Amino acid sequence: MSETIEFSQYVVERLKQAGVKQVFGVPGDFNLGLDYVEADPDIEWVGNANELNAAYAADGYARVKGGLAVIVTTFGVGELSALCGIAGALAERVPVLHIVGAPSTKLQSKESLLHHTLNLPGSFTTFSTMSAPLSCSQALLNEIPPKTPTTWTEAFDKTLSDVLEQCRPGYVEIPTDAFHAKVSTEGLKQKLPHPHSAPPPESVAAAVSPQETQSSATSSLAAASTTAPVRAPSDDVTAHVVEDITQRFKKAKKPIILVDACAGRFGMAGQVRKLVEGCGIRFFETPMGKSLLDEHHPLFGGCYAGANSLPAVREEVESADFVLYVGALKSDFNSGSFSVNIDPKITIELHSFTTTIGYAAYPTTDIRHVLPDLLPAFQEVVQSRAASPVGGESVEQKVKAGRIESIVPEPKGNEIKHEWLWPRVGKWFADDDIIITETGTSSFGLTNVLLPSHSTYIAQILWGAIGWSVGACLGAAMAAQEDDRNRRTVLFVGDGSLQLTLQEIGTMLRRGVHPYLFVLNNDGYEIERQIHGVNAKYNDIQLYDHQLLLPFLAGKSCPTPYQSYAVKTPSELNELLESEEFNRPDKLRLIEVYMPRGDAPQGLVSQAKLTAEANRQL
């Protein structure tokens, strides 16, 4: 007979085995398991201002750690508040486990009219049903009779494993009477998967593509995967795929590698770098692939986003005769409104659970199995060639060729404008900074700016929830606290986006993190004005006094040091960025950057035109 522990303790132990040290969320009277989190010395309850912010924070935490994040909410009102953040994690392939504390099985079976219910028949299943399309897997313990001491632990482990293997959110609903139920410890002996490791051959639950229709059906017998199952990876098919790709590479005169988001989600950036350096292949990145590889590398060619690329970058990518597209996620903002102009016949796409070569698809292969095998195969090809490998370029040569924007131009006048701002902060970044940008002027401003070699860049370019970056900044800063490198966390957010989630700055102060919060004060929603309604009142906001935010949110007993700044001219910002005291990450800093209304990065202006044209098409 195996030992038994309370189910809540089992969950905590599993989360620690998955590398989780911080748990985000908001308490509620159905969340009886939080006592176990608080009592454990190795895991910390963060506590957020609201559930939506908690979901955003979990998203940022998972991205920086490259692993699991957890959010805990209460039944109904709490879990629904988090769903926009959970949907973003689904869209952008981020492994977030959503744990929901629910009424007891007895009260649910009686259809009791409880608080947080809808006063309608079937209320107790309504919310989990709403979450099903946003989850790769669900474990609904109320629907799973605990016939054995391992029934509930197996259901929990199934959903947790699906989240880790697929890098998508999962949902676990725990009734109050399950928190203290005795369960077997046997499952704790089983090793959990990791997003950066290839799934085992026996794994069968996998999502074929981001566009695949998901089933919302759940099972009453076990945790259910809500994505379509496919066959386990096949060694024979993988070998065939590697051989086919290698033969195409052998014939190529101008091969390139294009790195996108899912290369990072599944931990393949290191494998891509080995392929680049071992075979001398030029590589490019998409906006969602920024910082996955070293942008200062001699073989880096720039950022490609279709028609929204720098001309020299677009010309080289679109004239290639072999494109290895690693982890593709072809959203509108990531592809210049679908203007990628690469011949499908010469394109190989490595996805998380399928591979496409030209027009053929191999759904029993995936990026984690194929990519490592390409290196020795490609190296044989390179060694057999008489020609010398492709030469690299210095940063100066890339600038001269028009592939990057690294030179800080002379400011035009006394206003801080985007043309000057982004190259300037690009020079200020430290080597291992964590850089977070809101989707808008910030993310488009940094697209073609070189980031430091060991930096981490995160932006929600596909889902694009306004205000996401502030919550994500908290999660990123909490993840950075677990790292002994003392990494700085740097946020760029507009004054409009800030208003949706600024409460989480209070959590940052409470938790003692020291990010740099650059608030771009340009009098409203500039990205919306660029797309439509340049003078419309619906793009205006109530202007806040940002210099009062930190004292207000810190209250009278906050031990975390903080400081606010306001800069209105290039010389003022230059002086601040060059200050030795400012560059020490020893306090939370809010830097209000005044910018003229109507000014925007060229990348945003171009994307806005592409978006407006697409919106007008019938």
Side-chain angles (χ1 to χ4, degrees), residues 22 24-26 46-64 69 71 81-82 84-89 92 94 96 433-443 445-446 456-461 463-481 488-522 524-527 541-554 558 560 562 564-565 585 587-593:
Q22 318 281 343
F24 302 92
V26 176
V46 176
N48 297 89
N50 60 57
E51 293 87 354
L52 176 61
N53 290 354
Y56 291 159
D59 184 311
Y61 180 85
R63 291 183 194 232
V64 171
I71 171 177
S81 178
C84 178
I86 298 298
E92 302 220 352
V94 182
V96 175
D433 277 353
I434 300 167
I435 303 159
I436 304 112
T437 62
E438 184 77 13
T439 302
T441 54
S442 302
S443 59
L446 281 178
T456 299
Y457 174 78
I458 62 174
Q460 200 186 51
I461 291 173
W463 185 242
I466 185 171
W468 164 87
S469 65
V470 182
C473 179
L474 167 67
M478 297 299 292
Q481 273 192 335
R488 303 189 311 185
T489 303
V490 183
L491 168 69
F492 295 94
V493 61
D495 51 358
S497 297
L498 177 67
Q499 294 191 3
L500 277 79
T501 49
L502 63 81
Q503 310 98 311
E504 232 46 56
I505 298 175
T507 311
M508 297 176 197
L509 289 162
R510 179 174 173 237
R511 288 300 173 191
V513 293
H514 301 149
Y516 292 80
L517 311 176
F518 286 84
V519 178
L520 310 186
N521 185 340
N522 53 9
Y525 299 127
E526 191 57 48
I527 183 174
I541 60 171
Q542 171 62 41
L543 298 179
Y544 288 179
D545 188 337
H546 297 106
Q547 298 305 303
L548 298 179
L549 283 181
L550 295 187
F552 169 70
L553 293 169
C558 176
T560 303
Y562 61 85
S564 299
Y565 310 81
K587 62 182 71 172
L588 188 151
R589 292 175 167 87
L590 186 149
I591 307 95
E592 184 175 13
V593 182

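None of the values given here were measured: they were computed from a predicted structure. One-based numbering along the sequence shown.
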Minimum side-chain heavy-atom gap [X]-[Y] below 4.5 Å:
X	Y	result
Val470	Ile505	yes
Thr489	Cys473	yes
Gln481	Val513	yes
Ile86	Val96	yes
Trp463	Trp468	no
Pro515	Met508	yes

Can you measure from [atom1] ([X]) to [atom2] ([Y]) and round to the nearest 0.5 angstrom?
X	Y	atom1	atom2	result
Gln499	Ile541	CD	CD1	4.0 Å
Arg511	Leu474	CZ	CG	9.5 Å
Thr560	Lys587	OG1	NZ	12.0 Å
Ser497	Leu491	OG	CG	10.0 Å
Gln460	Thr437	CD	OG1	10.5 Å
Tyr457	Ile436	OH	CD1	10.5 Å

List in chain and number order the residues that pass salt bridge (charged side-chain N to carboxylate O under 4.0 Å, His left out) with Glu92, two or more places apart in sequence or in another chain; answer none if no residue qualifies.
Arg63, Arg265
Residues which pass salt bridge (charged side-chain N to carboxylate O under 4.0 Å, His left out) with Arg510, listed by chain and number, not counting sequence neighbours:
none
Leu590 vs His546, test: side chain to side chain contact (heavy atoms under 4.5 Å, CB included). Steps then yes/no.
CA-CA 8 Å; Leu590 186 149; His546 297 106; 4.3 Å; yes
Does any N or O in the side chain of [X] come within less than 3.5 Å of the main-chain N or O of [Y], such that one atom is a donor and the other an acceptor?
X	Y	value
Asp495	Asn522	yes
Asn48	Glu51	no
Asp545	Gln547	yes

Check step by step if side chain to side chain contact (heavy atoms under 4.5 Å, CB included) holds for Ile435 and Leu446.
CA-CA 10 Å; Ile435 303 159; Leu446 281 178; 4.0 Å; yes
Chi angles and distances behind the side chain to side chain contact (heavy atoms under 4.5 Å, CB included) call for Tyr56, Cys84
CA-CA 9 Å; Tyr56 291 159; Cys84 178; 3.6 Å; yes
Provide the closest heavy-atom pair for [X] versus [Y] in the form atom of the first, atom of the second, distance.
X	Y	value
Ala480	Ile434	CB-CD1, 3.7 Å
Ala476	Ile458	CB-CD1, 4.4 Å
Ser564	Leu550	OG-CD1, 3.4 Å
Ile71	Ala82	CD1-CB, 3.8 Å
Ala54	Phe24	O-CB, 3.8 Å

Does either side chain, that of Tyr565 or that of Arg589, offer a donor lying less than 3.5 Å from an acceptor on the other one?
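Yes, side-chain donor-acceptor contact under 3.5 Å.
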Do Glu504 and Thr501 meet the criterion of a side-chain donor-acceptor pair at a distance under 3.5 Å?
no
Run the side chain to side chain contact (heavy atoms under 4.5 Å, CB included) check on Phe492 and Val490 step by step: do they pass?
CA-CA 7 Å; Phe492 295 94; Val490 183; 3.6 Å; yes
Looking at Val493, Leu588, Ile591, which hits side-chain contact (heavy atoms from CB on, under 4.5 Å) with Leu517?
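When side-chain contact (heavy atoms from CB on, under 4.5 Å) is applied between Leu517 and each of Val493, Leu588, Ile591, only Leu588 qualifies.
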Indicate the ring-plane relationship of Tyr516 and Phe518, choosing parallel, tilted or perpendicular according to the 30° and 60° boundaries.
parallel
